[in-house]
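Single-structure report; data block below.
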Amino acid sequence: MTANPIAETVRSLMPRARTELTELVAFESVADENVAPRSECEAAANWVADALRAEDFQDVALLDTPDGSQAVYGILPGPAGAPTVLLYAHYDVQPKLDESAWLSPPFELTERDGRWYGRGTADCKGGVILHLLALRALKANGGVPVTVKVIVEGSEEQGTGGLERYAEEHPGLLTADAIVIGDAGNFRVGLPTVTATLRGMTMIRVQIDTLEGNLHSGQFGGAAPDALAALIRVLDSLRGPDGSTVIDGLPGDRVWEGLQYPEENFRQDAKVLPGVDLPGGGTVADRIWARPAVTVVGIDCHPVAGATPSIPKTARAQISLRVPPGQDAAEATKLLFAHIENHTPWNARVTMEQVGQGQAFQADTSSPAYASMAEAMEVAYPGQEMQTAGLGGSIPLCSTLASLYPEAEILLIGLSEPEAQIHAPNESVSPEELERLSVAEAHFLLNYARSKQA
């Protein structure tokens, strides 16, 4: 990294950043009280609020949102006439999943092979630290040249829309000239990347009931309708012979025109087992950025441990459907419901419940903010030109902000590059990426302030 005062300051702050990220990771802040106590999210929210107050933010508040979560807000006034930039991250995290698969405790930051491991290190508690580092570097080198608003969400991973609804009810709160979403990531470590598209998402639960009670599989098997077998038929109908997502009425043949994702790199990043084929058709980029994708994320029925030879009366699944820009998430949900209804066999009773939804997002990469970020990335990543990629995941707030503030320029950066393994055991962050992106964000704020003065 080319020596400059901001870069030198960020580097000097990295030990403090590690200490703070260690403290933040220690909170098991899963926004689901079936998984972790609500007090863990409350403690994480208070940590973020205290950190903002320590940086002289004003009007710091814990916002009670409609889904029961708390978002943290604060404003740091800039020079008179300066533009306003909103910085976003979230403090809630995914559950630890299979704790036995972690090589170190999931809620203890652990350094290994040059990376920092722990749930939320990259997604997205590291994003909170990224914003703090950038602001501290600016304060140490002449001051922050813009008015900064910070919003840190408390239920992003659940997709329950608390902050989106709060923003709609308080439209003046998050107004900004530019918005930096710190919840995406570089295409790979060391390659500066902004994310131009996000797939939307809908999450539903499906329950199939066939019997008044479980039955002996020897006495009744063969004629009694098996709820789990019916559910398996339904779930199988959501994919074609090649593994492509096929939902009646939902297009699935769009093509990604930008940065490509070589299959060999994807196999390595996704840790696909040797000899296992990738499902679907088209390029990898088509499949993860331009087309819908269905995933069965959970099934409730008889567990294998303690299983008895009986026919289940009921079975339940949770299904995630990602939809690309250009497809309406609400319409996709209707099509998914209709597909399941039409493909449920034996006139079994099927009930469905929507538990989350967010619209897709597409950024305007020709905006002045992108030019400011490209210049900043060149400083933080010498010799590397900023790339533009898609992201198969969803950040529902993005489409809400784009709708509320159509003139705002929205950029997505972050620490969730492929090696981070977000949402999986052994999530980690590259401290070098944290350092470089903090430098980039600081220079972006400088560049953006100058562009608005010109």
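Applying the salt bridge (Lys or Arg N to Asp or Glu O under 4.0 Å) test to Glu20 and every residue at least two apart in sequence or in another chain returns Arg16, Arg136. Listed by chain and number, the residues in a side chain to side chain donor-acceptor pair (under 3.5 Å) with Glu42 are Arg38 (sequence neighbours excluded). Looking at residues two or more places apart in sequence or on another chain, you find no side chain to side chain donor-acceptor pair (under 3.5 Å) involving Lys313. Annotation: ring-ring contact (aromatic ring centres under 6.0 Å, His included) contacts of Phe187 (sequence neighbours excluded): Tyr261. Considering only residues two or more places apart in sequence or on other chains, Asp286 meets the salt bridge (Lys or Arg N to Asp or Glu O under 4.0 Å) condition with Arg291. Not a single side chain to side chain donor-acceptor pair (under 3.5 Å) links Ser416 to another residue, sequence neighbours left out. Every residue two or more places apart in sequence or in another chain that forms a side chain to side chain donor-acceptor pair (under 3.5 Å) with Ser366 is listed here: Asp364. Among residues two or more places apart in sequence or in another chain, the salt bridge (Lys or Arg N to Asp or Glu O under 4.0 Å) test is passed with Glu341 by none.
Using modelled atom types and a 3.5 Å distance limit, the side chains of Glu263 and Asn265 yield no donor-acceptor pair. Judged by distance alone, the side chains of Asp236 and His343 never bring a donor and an acceptor atom under 3.5 Å apart.
Screening residues 348-358 for side chain to side chain donor-acceptor pair (under 3.5 Å), with sequence neighbours left out, gives Thr333-Gln357, Gln354-Gln357. Residue pairs that meet the ring pair (Phe, Tyr, Trp, His ring centres under 6.0 Å) test with at least one member in residues 414-435, sequence neighbours left out, do not exist here. Identified under the side chain to side chain donor-acceptor pair (under 3.5 Å) test for residues 170-197, with sequence neighbours left out: His90-Asp183, Lys149-Thr175, Asn186-Tyr381, Asn186-Glu433, Arg188-Asp269.
Considering every non-hydrogen atom in both Pro325 and Gln362, the closest pair reads CB-OE1, 3.7 Å. Closest non-hydrogen pair, Ser428 versus Glu419, comes out as OG-O, 3.7 Å.
Counting heavy atoms of neighbouring residues, nucleotides and ligands inside a 6.0 Å radius, atom CD of Gln268 does not exceed 12 of them. Atom CG of Asn342 is surrounded by more than 12 heavy atoms from other residues, nucleotides or ligands within 6.0 Å. By the 6.0 Å contact criterion, CZ on Arg254 is enclosed, its count of non-hydrogen atoms from other residues, nucleotides or ligands being greater than 12.
With respect to the salt-bridge test (charged N to carboxylate O, under 4.0 angstrom), the residues Glu111 and Arg18 qualify.
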What side-chain donor-acceptor pairs closer than 3.5 Å can you find for residues 294-302, not counting sequence neighbours?
{"residue": "Asp300", "atom": "OD2", "partner": "Arg316", "partner atom": "NE", "Å": "3.2"}
{"residue": "Asp300", "atom": "OD2", "partner": "Arg316", "partner atom": "NH2", "Å": "2.7"}
{"residue": "His302", "atom": "NE2", "partner": "Asn214", "partner atom": "ND2", "Å": "3.3"}

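Side-chain atoms of Arg436 do not come within 3.5 Å of backbone N or O of Met377 as any donor-acceptor pair.
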